[in-house]
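Some notes on the structure that comes next.
These numbers come from a predicted model, not from an experiment. We're numbering straight along the sequence, starting at 1.
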Amino acid sequence: MKLPMRLSRGAFDVAVRDTIESYPGLSRAPLPMLHARQMLFKTFMELDRRMRRQLSCARLRGRA
């Protein structure tokens, strides 16, 4: 499988999914891994958002 050299932000999942699905015999393993990657990324983004909000509130209160 080959992917484009450069992918814009957020285009990775779409490009990988399209590439993987074009190889039906190989899609059984990579598709669940792609799904797990998406879930990890969503979780990371949520935790990062919470941390930044908490830090921002702490700075406003003069704690940081």
Practice item. Give the intermediate values and the outcome of side-chain contact (heavy atoms from CB on, under 4.5 Å) for residues M33 and R37. Key: CA-CA 6 Å; M33 289 189 295; R37 180 191 174 279; over 6 Å; no

Check your understanding: Under the criterion side chain to side chain contact (heavy atoms under 4.5 Å, CB included), which of R61, R59, Q54 is the partner of C57?
Key -> R61

Check your understanding: Do K42 and E46 sit within salt-bridge range, that is, some charged N less than 4.0 Å from a carboxylate O?
Key -> no

Review point. What is the distance from atom CG of L40 to atom NE2 of H35, rounded to the nearest 0.5 Å?
Key: 10.0 Å

Review point. Got a second to check how far M51's CE is from F44's CZ, nearest 0.5 Å?
Key: 7.5 Å

Review point. Around atom CZ of R49, are there more than 12 heavy atoms of other residues, nucleotides or ligands at under 6.0 Å?
Key: yes

Review point. Under 6.0 Å from the CD atom of E21, do we count more than 12 heavy atoms belonging to anything else shown?
Key: yes

Check your understanding: Does T19 reach the main-chain N or O of A15 with its side chain, forming a donor-acceptor pair under 3.5 Å?
Key -> yes

**Study point:** Check: R52 and D48 side chains under 4.5 Å, non-hydrogen atoms
**Key:** yes

Check your understanding: Do F41 and L34 belong together in a cluster built from hydrophobic side chains that touch within less than 4.5 Å?
Key -> no

